[in-house]
Amino acid sequence: MDRKKTVYTICGMCTVRCPIAVEVENGEVVWISGNPHDKAMGQGLCAKGIAGRSLLKDTERPLAPMIRQGERGEGKWRIVSWEEALDYVAQRLKTVIDEYGAKAVLYSDRGGPFGELRKSFLKALGTPNYCNHDVTCAVSVNHAALSLFGFGRKGLNYDYRNAKHIVLYGRNMLESLRVKTAKALIEALDNGAKLTYIDPRYCVTASKATRWWKIRPGTDYALNLALIHIIIRENLYDQKFVQNWVKDWEKLAAFVEQYTPDWAEKETGIPADDMVRFCFEVAEDAPHVIFHPGWMRARYRQAFYEARTTYLLNVLFGALEVPGGLFFTKGPKEAGKKGLNPVGVDIPQVEEKRVDGAGWELPHINAGPGLLHRAFEAMRTGRPYPIKAYIVHRHDPLTGLPDPEAQVEAFKNLDLLVVVDVNWSETSWWADVILPEATYLERDDLLITQKGLKPGFRIRQRAIEPIHDTRPGWWIYLELAKRLGKGRHFPYQDIQDIWQAQLEGTGVTVEDLKKKGFVTLTDRPIWFDRENELPFKTPSGKIEIINKRWEEAGIACLKPYEPPSSPPKGKFRLLFGRCGYQTHGIWMNNPALHPYLRENRLWINEKVAQDMGLADGDWVEVANGTYQRRMRVYVTKFIHPEAVFMLHGFGRTIPLQTRAYQKGVADQRLEEGLLHVYDPAGGANALCECFVKVVPVKED
Amino acid sequence: MEKKKYFIYHDPRKCIGCLACEISCTDWKGLPFGIANCKIFKCGPEDHSDTPEMDFIYVSCFHCENPWCVEACPTGALSKDPSYGEVVLDKNLCVGCGACVKVCPWGIPRWDPLTGTMSKCDFCVERLEQGLEPACVTRCPTGALTFVSAEEFVYLKRRSWLSRIKQRHIEALEAK
């Protein structure tokens, strides 16, 4: 064995999955950096990625399979062998399936490219109820893209490096980090690109912006309607592109006539003159402009329309399939190559309808990942049919979705709750069985396709063997499939078999992939002919202002704007967000990251604070419903007076996480009653439709 | 790495305060979690006539040519190495008296509770010997940190200052 080696693989500290290089000496990971073979990445890495080494030695994680003793949530566990844990899960699943049918099994993960085997496993079981975390992320953005282009949000990507003007709506690109994106944005700014950042709260991204609009929370849609109004009125749009590619253009033009900049100024607080100046400025830089439709846009009931009109602003400026704009992501097919083969063989289609109504009761909602909050509602009510088993794979609904109390209440109707994770998630504490997955440094995963201008394949390969009694996810599901009589669909002994099956006929070998961690299928970037050959997947082949699927579901594609309600006296709209050195509440207890962020503070507007007699650092009680907690305030001019803000992920309730236990305040617990409040057109939870009471208190 | 006088240059326009440099240092040097030889200070957001301004400042050892810490060290643990201009601490000789931090104008050396000694930046000299750059520079995700010769350092700093001044003047004219 090599005493010293470099392993090119994929980071797993967040769901961005950056390419990394891991140096191993005598079986120990000694260094992790960005993968220098990927020029857009380089050796740079974020704090979380660098902290990956500390994860291996962190023992405040589940390190062996466990079966619950005592009541759910009591925290009494019995450590068992993998054999026993898997037998137990399989037997309990069988009981549920025998009594209620396979459809009574619900599954959720964080989506992403590695999930194929997990989805095939569910299909083999015969349940349609796969969900991902997207209801608290980009599901409304995805539907906005589907409604316009006929393909989802990943059908387009962004060429920041060559952009001349980038417009972001709360997409805090320099703190909710993708390393490649942050790097490209900084490079673009260094080359003189403009950045307009729109957010009720100031942040690092705002600090680099040419213009920061402190918009009134929940009014992005109003802003966009007025921008479209100005662009059409002033004739600033790309007429040729619009004529070529937009269907029902005149309906959009007629619809936005009522939404003048003066009207929008009253809604958003942004001066009408600024909006006009902005439109002229962007028009000068068009088509090399990017209006980012949003990433985590699960905030307001109008999210679908916010994202849809943002996409339309790109369309108006002809910013599609151009350098410095949005480009179509190309796969192996566009490179004239064969793609990866599917995993699993002869798996019959699942005919059952989804429990969340996606694709039938809600015909406009994509039946792929569904709507998890609706599945929880079914779990609670037993309608349209009961959910009796729930498998949660490296996903933490009790942190990510609102109102954990309501979720735990729904869990009471489950006969089986299984958590597969590398960490103590809040959800794992309520599980019947915990199957600890090996960390990303200790496990292989399925090969994945990288779409883009230069499509290719990527590999996650283990740098070292698992240190503890943990296993890779693919192994866990192959073992469960065998035990549930579905082994014939997965004729693989190990990951090599899976990789071989995926690569069969592609002309690419595992060795090719291991050399640099990826293989690119073309030398030159692939661009479509933007005048004649843009492959929109809508029935008309064009960008559809009016989409039949939504209209037929009774949802207007051009929906009149509805203003958000103002907070009642003494209350504030609760906003949440992230910083560059923590992730979605996953690593609050990580030994390397925890010292940098022990507690969150409540951002509050300076004038409001003065009226309340609050000075910076004073204590307040924040409350909504039954949850009330104390925290310090950060008093600043740079947040909208209607809003308060806190970083997400705090207030952990698992005592075994000694560093993070009960530190700070959990925003999702303040979002009481919001589990079933969502954007009807796009499906996302509306997490910011939440008002909290803030009362000054004496020091804690 | 060619032997000459170096500095670590920090470009605040490219810095996003992500702390990758600090955690990179802790990780490479095996320091206790939360302690690094470099530090990012966040300044602001402050109000400049209704416009917020926020900057990050990177602070690490200045690697003085005539380091007071070296003179103050009673055990000879600190020394100036002419190879790359680094001021080096030999933890085996350090008795943890703290004299270095007391005389350092910027209070740079840090206390390492794991070893009961001081700790400070040495440019990751063991990496330089292998042709690599300091750990903080290597893993800075946005290219805000660069390892440059003393001459280039001075040039970069002056250019950055001039461009800021110039930008302010242009903005002031436009406001009229």
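Residue numbering restarts at 1 for every chain, and letters A, B, ... go by the order of the sequence lines. Every value quoted in this text rests on a predicted model; they were computed, and no experiment measured them.
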pair [X]-[Y]: side-chain heavy atoms closer than 4.5 Å:
| X | Y | result |
| --- | --- | --- |
| A/F638 | B/M54 | no |
| A/V204 | B/F56 | yes |
| A/R53 | B/D27 | yes |
| B/I16 | A/L177 | yes |
| A/I50 | B/W28 | no |

If you count every heavy atom of other residues, nucleotides or ligands that lies below 6.0 Å from [X] atom [atom1], does the total exceed 12?
| X | atom1 | answer |
| --- | --- | --- |
| A/K607 | NZ | no |
| A/W31 | CH2 | yes |
| A/E284 | CD | no |

With a 4.5 Å cut-off on heavy-atom pairs, point out which of [options] contacts chain B the most.
| options | value |
| --- | --- |
| A/A184, A/A182, A/P591, A/A51 | A/P591 |
| A/K208, A/E175, A/K183 | A/K208 |
| A/G44, A/P595, A/G49, A/S54 | A/G44 |

Given B/P52, B/C18, B/P32, B/G17, the one with more heavy-atom pairs under 4.5 angstrom with chain A than any other is B/P52
For chain A, the option from B/C15, B/A144, B/C21, B/G143 that forms the most heavy-atom pairs under 4.5 Å: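 When all of B/C15, B/A144, B/C21, B/G143 are compared, B/C15 has the most.
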Is it the side chain or the backbone of B/S24 that comes within 4.5 Å of chain A heavy atoms, both, or neither? both
Using heavy-atom distances under 4.5 Å, tell me whether B/E46 contacts chain A through its side chain, its backbone, both, or neither. backbone
Any donor and acceptor pair, going by atom type alone, linking the side chain of B/R139 with main-chain N or O of A/I32 inside 3.5 Å? yes
Counting only N and O atoms by type, is there a donor-acceptor contact under 3.5 Å from the side chain of A/K637 to the main-chain atoms of B/D47?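 Flag not set: sc A/K637 to bb B/D47 has no pair under 3.5 Å.
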Any chance you could measure [X], atom [atom1], to [Y], atom [atom2], to the nearest 0.5 Å?
| X | Y | atom1 | atom2 | value |
| --- | --- | --- | --- | --- |
| B/R13 | A/S207 | CZ | OG | 13.0 Å |
| A/Y596 | B/T26 | OH | OG1 | 4.0 Å |
| A/L593 | B/F33 | CG | CZ | 9.0 Å |
| A/Q582 | B/L19 | CD | CG | 11.0 Å |
| A/C46 | B/I23 | SG | CD1 | 8.5 Å |

Relative to chain B, which segment of A/C18 carries a heavy atom at a distance below 4.5 Å: side chain, backbone, both, or neither? neither
For residues A/I186 and B/K14, report the shortest heavy-atom separation together with the two atoms involved.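 That would be CG2-CG, 3.6 Å.
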